[in-house]
Amino acid sequence: MTTFASGTTGSNAKDELTRDALTVLQPGFPGTTAPDWLLRHLGDGLASVGLFGRNIASPGQLAALTAQLRAERDDVLVAIDEEGGDVTRLEVRTGSSFPGNHALGAVDDTELTGQVAHELGRRLKECGVNFNWAPSADVNANPRNPVIGVRSFGTEPDLVARHTAAYVTGLQAAGVAACTKHFPGHGDTAVDSHLALPRIDVDTEVLSARDLTPFRAAIAAGSLAVMSAHILVPALDPDRPATLSRRILTDLLRGELGYQGLIVTDGMEMQAIAATYGIERGSVLAIAAGADAICVGGGLHDEGTVRLLRDALVAAVRAGDLPEERLADAAERVRTLARWAAAQAPSADGAAGNAGNAGNVDNADIGLTAARRALRVTGAGTFTPLTEAPYVALFAPVANIAVGDETPWGVAADLARTLPGTESGHFSGPDAGAGALAAAGERRVVAVVRDEHRHPWMAASLDTLLAARPDTVVIEMGVPQAPARGALHVATHGAARVCAQAAAEVLTAR
């Protein structure tokens, strides 16, 4: 084992500049075991790795993988994008045991939010994960937002702020570093930064009162990391997106807001950066602007990418385009967080800090408890619970890249456990309503939608269904902004597995 906790290097490490360039990278990799090239780079100074759904098959496998990484470097930061709710990597094949931020914001119980974050953190730490790219502190100010939505606690800055702080506190009490995102706020966008560069055109007063409020709360709560957004905010910097902006990362985040922790970029292969600057130049500009760690690996997860970015940073220093002391400072911030993470020893019962006590609620079930409390049910007074197998019609938009399309969603599986014979189908486009009616036949229809308000074809499909079958049940698993309608309308505030379970309980009166 090579120990790096003091910032020293093993005998096989390369020169200090190259080592620092490796240290600031947070790459991904393929497969459920660590490839040789990744272990070799850990020996040469790489301090972080990022995990995605492709790396995880089970908790036991994940624990073995993180142990394999720590056998090479015992203070390695093992990061994951585990928001709970719609964005889950730990439970990518089953759906999350925890509702996401929007559900927690709908309940508006900060103690509950802290308990959920703590239990999620406990499970991550149990598997050897010590750094979570969460929570999202974005204020979902734009109802057309295609990428934040239910990942946000809500539309009110103060609500988002208090739940962001509770989440950070709960997660870090479990020994997992929080990474509050996406600074300076991705909520007021109608463009997905995975696909293009979003632009937010509001003045600094609005930004300060709305978007920055949750980040101030996160900083006050001690968030150990902050993730930058790939967004252009002309009021703050008319020329460069936040990830590449010294005005935003250094002058605003470090200077005005006083933040001293680690600054991490969002994925550099996202098109907002890759299509405009390229990942090499983008990574150099990000470090120069004040970022300390380069996240890459959601799409690019090979050794060639690690070498490419390492060499680009080294070349930039040697060419005078990136101050060597800035790279060294970034690398030391990574090592500082790695030392913190390595020092978090689990307690005998797996709990830590003062956020682990859930009162009379078993923490193992805290996610389902939260999902039940988050439900908003309209029409229950006249609704007769389902007693025969229905037909579940899922009206599904294209999944955004942050959520992905690997994770199952909907209520069919949960209904089938109580009502055997339940069938389901996916429908989209202008003929979706007619298609669902034809597929359902005489069976009762349960229509499941996500963000009806953003998709005219989805609203039209419900019009068709309800005109023909007024007894149709509607379940909204996105942001419940459209008017409630149907014989029963259930808003779950997210599509996590526990949200589906809670909704199915209402439909069957369990």
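Heads up: numbering here begins at 1 and tracks the sequence.
- A salt bridge does not link D188 with R199: none of the charged nitrogens is closer than 4.0 Å to a carboxylate oxygen.
- Counting heavy atoms from C-beta on, the side chains of I279 and I273 never come closer than 4.5 Å.
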Please step through salt bridge (Lys or Arg N to Asp or Glu O under 4.0 Å) for the pair R450 and D86, ending with a clear verdict. CA-CA 11 Å; R450 279 169 105 164; D86 290 28; 2.8 Å; yes

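- Side chains of W37 and L42 form no contact here, defined as non-hydrogen atoms less than 4.5 Å apart.
- Panel note: side chain H163, backbone F153; no donor-acceptor pair is recorded below 3.5 Å.
- Residues forming a salt bridge (Lys or Arg N to Asp or Glu O under 4.0 Å) with E280 (at least two apart in sequence, or on another chain): none.
- With no hydrogens or angles considered, no side-chain donor-acceptor pair links R310 and T18 at under 3.5 Å.
- Ring-plane geometry between F52 and W133 is classed as tilted, the angle between the planes lying from 30 to 60 degrees on a 0 to 90 degree scale.
- In this model, no donor atom of one side chain and acceptor atom of the other lie less than 3.5 Å apart for S152 and H102.
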Apply side-chain contact (heavy atoms from CB on, under 4.5 Å) to F395 and H426, showing your working. CA-CA 6 Å; F395 296 106; H426 289 255; over 6 Å; no

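- T23 and D20 share no donor-acceptor pair across their side chains, judged by distance under 3.5 Å alone.
- With T422 contributing its side chain and A413 its backbone, the two residues share no donor-acceptor pair below 3.5 Å.
- Across every non-hydrogen atom of V160 and P214, the tightest pair is CG1-CG, 3.6 Å.
- Although no hydrogens or angles enter the test, the distance criterion places a donor-acceptor pair under 3.5 Å between the side chain of K125 and the main chain of Q344.
- Between R122 and E119 there is a salt bridge, with a side-chain nitrogen of the basic residue lying less than 4.0 Å from a carboxylate oxygen of the acidic one.
- Within 6.0 Å of the CD atom in E324, the count of heavy atoms belonging to other residues, nucleotides or ligands does not exceed 12.
- A salt bridge does not link D44 with R307: none of the charged nitrogens is closer than 4.0 Å to a carboxylate oxygen.
- Note that CG of L313 is 11.5 Å distant from CG of D321, once rounded to the nearest 0.5 Å.
- A side-chain N or O of S97 and one of E91 form a donor-acceptor pair less than 3.5 Å apart.
- Salt-bridge formation is detected for the pair R326/D329: a Lys NZ or Arg NE/NH1/NH2 atom is positioned less than 4.0 Å from an Asp or Glu carboxylate oxygen.
- In this structure, V449 and I475 have side chains that are not in contact, with every pair of non-hydrogen atoms separated by 4.5 Å or more.
- For the pair L300/L308, no side-chain contact is recorded, criterion being any heavy-atom separation below 4.5 Å from C-beta on.
- Residues H453 and D451 are in side-chain contact: their nearest non-hydrogen atoms beyond the backbone lie under 4.5 Å apart.
- Atom CG of L368 and atom CD of Q501 lie 4.5 Å apart (nearest 0.5 Å).
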Report the C-alpha distance between R93 and T407 in whole Å, list the side-chain angles of each, state the deciding distance to 0.1 Å, and finish with yes or no for side-chain contact (heavy atoms from CB on, under 4.5 Å). CA-CA 5 Å; R93 291 168 184 82; T407 305; over 6 Å; no

Test salt bridge (Lys or Arg N to Asp or Glu O under 4.0 Å) on E332 and R339; report intermediate values, then the result. CA-CA 10 Å; E332 185 52 35; R339 289 192 289 269; 2.7 Å; yes

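- Contact check for T189 versus N142: no side-chain heavy atoms found under the 4.5 Å cut-off.
- Side chain of R73 to main chain of G45: a donor-acceptor pair is present (N/O by atom type, distance under 3.5 Å, no hydrogens or angles).
- The backbone N or O of H301 sits nowhere less than 3.5 Å from a side-chain atom of T305 that would complete a donor-acceptor pair.
- Rounding to the nearest 0.5 Å gives a distance of 13.5 Å between CD1 of I80 and SG of C179.
- Remark: side-chain polar atoms of T169 are paired, donor with acceptor, to backbone N or O of A165 under 3.5 angstrom.
- Judged by distance alone, with hydrogens and angles left aside, the side-chain atoms of E452 form no donor-acceptor pair with the main-chain N or O of M458 at under 3.5 Å.
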Dump the intermediate steps for side-chain contact (heavy atoms from CB on, under 4.5 Å) on V296 and Q26, then the final yes or no. CA-CA 6 Å; V296 64; Q26 290 189 347; over 6 Å; no

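- Distance alone, capped at 3.5 Å, is enough to place a donor-acceptor pair between the D237 side chain and the D239 backbone.
- Side-chain atoms of W340 and Q172 form no donor-acceptor pair, as typed in the model, at a separation below 3.5 Å.
- For the pair E303 and R40, the salt-bridge criterion is met [side-chain N within less than 4.0 Å of a carboxylate O].
- Residues R151 and V87 have side chains in contact (heavy-atom distance under 4.5 Å, counting atoms from C-beta outward).
- One finds the CG atom of L262 at 5.0 Å from the CG atom of D292 (value rounded to the nearest 0.5 Å).
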So S223 and T180, side-chain hydrogen bond (donor to acceptor under 3.5 Å, both in side chains) or not? Walk me through it. CA-CA 7 Å; S223 184; T180 306; 2.8 Å; yes

Passes salt bridge (Lys or Arg N to Asp or Glu O under 4.0 Å), R89 versus E83? Steps please. CA-CA 9 Å; R89 312 306 178 211; E83 299 176 14; over 6 Å; no

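- Taken from NE2 in H186 to CG in N140, the straight-line distance is 11.0 Å, to the nearest 0.5 Å.
- Between D311 and R318, no side-chain nitrogen of the basic residue sits less than 4.0 Å from a carboxylate oxygen of the acidic one, so the salt-bridge criterion is not met.
- For CZ of R246, the number of neighbouring non-hydrogen atoms (other residues, nucleotides, ligands) closer than 6.0 Å is 12 at most.
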Check the pair C295, M268 against side-chain contact (heavy atoms from CB on, under 4.5 Å), reporting the backbone distance first and the verdict last. CA-CA 6 Å; C295 176; M268 295 303 288; 5.9 Å; no

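- Contact annotation: the side chain of L309 approaches that of I294 to within less than 4.5 Å [non-hydrogen atoms, C-beta and beyond].
- A donor-acceptor distance shorter than 3.5 angstrom exists from the side chain of T250 to the backbone of A289, with no hydrogens or angles considered.
- If you take CG on D81 and CG on L51, they are separated by 10.5 Å, rounding to the nearest 0.5 Å.
- Side-chain contact, T88 with E82: a donor N or O sits under 3.5 Å from an acceptor N or O.
- D211 places no side-chain N or O within donor-acceptor distance of the main-chain N or O of V139, the cut-off being under 3.5 Å.
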Would you sort out whether R417 and D414 count as a salt bridge (Lys or Arg N to Asp or Glu O under 4.0 Å), showing the intermediate values? CA-CA 5 Å; R417 280 188 276 274; D414 289 281; 2.7 Å; yes

